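Report on the following structure.
None of these values were measured; they are calculated from a predicted model. Every chain is numbered from 1 and lettered A, B, ... according to where its sequence line falls, protein lines coming before strand lines.
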There are 2 protein chains.
Amino acid sequence: MTDDTRAKLIRAAAALFREHGYNGTGVAEVLNRAGVTKGSLYHHFPGGKADLAVASAHWAGAWLTKQVNESFARTDTMATGIEALCDAIAELFDRTTWTACPINSTLLDGATNEPFQAAAGEIFENWRAVFGKHAMRYGADHHTAQVQADKLLFMLEGAWIVARAQGRSDPLRKIPSLLAG
Amino acid sequence: MTDDTRAKLIRAAAALFREHGYNGTGVAEVLNRAGVTKGSLYHHFPGGKADLAVASAHWAGAWLTKQVNESFARTDTMATGIEALCDAIAELFDRTTWTACPINSTLLDGATNEPFQAAAGEIFENWRAVFGKHAMRYGADHHTAQVQADKLLFMLEGAWIVARAQGRSDPLRKIPSLLAG
DNA sequence: ACAACATTGGACCGATTGGTCTATACTAAG
DNA sequence: CTTAGTATAGACCAATCGGTCCAATGTTGT
């Protein structure tokens with residue numbers, strides 16, 4: 001059950017880092033939530049808390065990428081895909097503890113640590129690539145697709161922050177109309 | 001020199017919270033940077049670290065509002081105003097330690113504390129209002145101005161995050177062309 | 001059965017956390 | 001000069017921080 005313990009740690013860490021930030025989350029908290037003891041943590045993640053943060057951010061990033069692909073799979077235009085995605089994230093915001101972007105909370109919260117920054121850049125770039133891929137699938141040329149991907153990525157991250165400040169998902173729900181106008 | 005000590009604390013706290021986040025910054029660090037001792041801090045800010053965070057965020061928010069107004073004052077269209085503003089922030093990013101939005105780092109970094117959230121919402125709303133005011137000054141009707149303000153606010157916050165992840169100001173510099181297209 | 005290795009539990013550590021408290025120094029009003 | 005209120009310095013505190021370490025347990029191959 002090696003991977004089980006590892007997975008439990010990643011899931012617990014992802015949730016806590018997302019909610020309280022990297023520096024706002026204690027190792028003991030993660031351990032308690034995961035139902036795992038210290039020995040196991042440092043066995044699976046020799047780098048300790050920092051290792052766990054990078055792993056959990058990658059996990060969260062991949063999970064969100066899947067959500068993006070599912071949102072775009074069920075629609076037939078870029079605009080409706082954006083609509084579906086923003087609605088999905090807004091629902092996540094309203095119904096779960098996804099009140100902040102996990103990458104922002106986990107990797108960019110504190111120290112401009114090199115591995116953290118590199119991981120964050122990689123994950124954002126991946127999202128941007130996925131957005132661009134879908135845009136081209138709907139007929140956009142390369143340049144237009146890049147522009148649309150940048151717009152969506154920036155808007156999403158920005159709206160997520162403002163939504164957290166307001167305690168409401170409205171900013172996230174506004175994105176489709178803002179990108180249309 | 002009452003206000004001097006208070007101002008020194010606010011300035012030191014604003015810089016440190018912005019760079020390392022609220023939870024990533026220790027009270028001792030702030031004290032050391034400000035050249036002030038503990039007694040003074042808790043005299044001027046009875047609420048301690050949290051009080052200081054709210055005060056420094058308001059200070060940073062007001063400072064940035066001034067930058068916005070200056071950027072828009074020197075131009076004669078909304079587009080050139082946006083250009084000037086984004087360039088100013090990008091320069092700040094490249095030349096100083098303003099590699100993150102102070103509100104994001106200071107108030108939204110960790111706990112979804114009520115006073116923190118309220119202050120952050122207030123400051124963002126203020127920025128949005130200032131953006132809208134300038135848009136209307138350039139002839140936009142109320143609705144269009146609101147839309148432009150939302151777009152700019154979300155883009156700015158989002159690009160700031162992605163810029164931090166990349167360690168480059170490029171995302172911030174892209175905003176004008178993204179908003180034009 | 002045995003050995004080698006993977007995994008876990010948890011005691012323990014020094015450092016740092018934010019915060020309290022008191023003695024002292026400064027300043028202004030009488 | 002005295003008094004009252006403001007401001008500062010820093011010792012001190014319990015709690016928590018992330019991390020190390022080792023004994024015990026589980027697992028696997030021979």
Next item on the list: Considering just the side-chain nitrogens and oxygens of B/His43, establish if one lies under 4.0 Å of OP1 or OP2 belonging to D/dA7.
Entry: yes
Item checked: 5'-most by nearest nucleotide on DNA chain D - A/Gly39 or A/Glu29 -> A/Glu29
Notebook entry, point to check: OP1 or OP2 of D/dT8 less than 4.0 angstrom from a side-chain nitrogen or oxygen of B/His44, does that happen here?
Noted result: yes
Next item on the list: Take A/Leu85 and A/Ile175, measure what side-chain contact (heavy atoms from CB on, under 4.5 Å) needs, and give me the verdict at the end.
Entry: CA-CA 10 Å; A/Leu85 174 61; A/Ile175 294 178; over 6 Å; no
Item checked: Integer-rounded Å distance: C/dG10 P and A/Leu41 CG -> 15 Å
Notebook entry, point to check: Where is the tightest heavy-atom contact between B/Lys49 and B/Tyr22, given as atom of each residue plus distance?
Noted result: NZ-O, 3.0 Å
Next item on the list: Measure from NZ on B/Lys38 to P on C/dT22 and round the result to the nearest Å.
Entry: 16 Å
Notebook entry, point to check: Does B/Thr5 have a side-chain nitrogen or oxygen under 4.0 Å from the phosphate oxygens OP1 or OP2 of D/dA7?
Noted result: no
Check: Within this structure, what is the NE2-to-C1' distance between B/His20 and C/dT16, rounded to whole angstrom?
Finding: 16 Å
Next item on the list: Report the distance from atom NZ of B/Lys8 to atom P of D/dA7, rounded to the nearest whole Å.
Entry: 14 Å
Margin query: Rounding to an integer number of Å, can you tell me how far A/Asn32 CG sits from C/dG10 C1'?
Written below: 14 Å
Margin query: If I take atom CG from residue A/Leu31 and atom CG from residue A/Leu9, how far apart are they, to the nearest 0.5 angstrom?
Written below: 6.5 Å
Notebook entry, point to check: Nearest nucleotide by nearest heavy atom, which residue falls closer to the 5' end of DNA chain D, B/Gly35 or A/Val27?
Noted result: B/Gly35
Check: What's the OH-P distance between A/Tyr42 and C/dA11, to the nearest Å?
Finding: 16 Å
Next item on the list: Determine: side-chain N/O of A/Lys49 to OP1/OP2 of D/dG18, distance under 4.0 Å, yes or no.
Entry: yes
Next item on the list: Please report, rounded to the nearest Å, how far the P atom of D/dT8 is from the CZ atom of B/Phe45.
Entry: 11 Å
Margin query: Could you tell me how far apart A/Leu16 (CG) and D/dC17 (P) are, to the nearest whole angstrom?
Written below: 12 Å
Margin query: Would you say that more than 12 heavy atoms from the other residues, nucleotides or ligands in this model lie under 6.0 Å from the CZ of B/Arg33, or not?
Written below: yes
Margin query: Testing the basics here: between A/Gln117 and B/Gly167, what is the closest heavy-atom pair and its distance to 0.1 Å?
Written below: NE2-CA, 3.1 Å
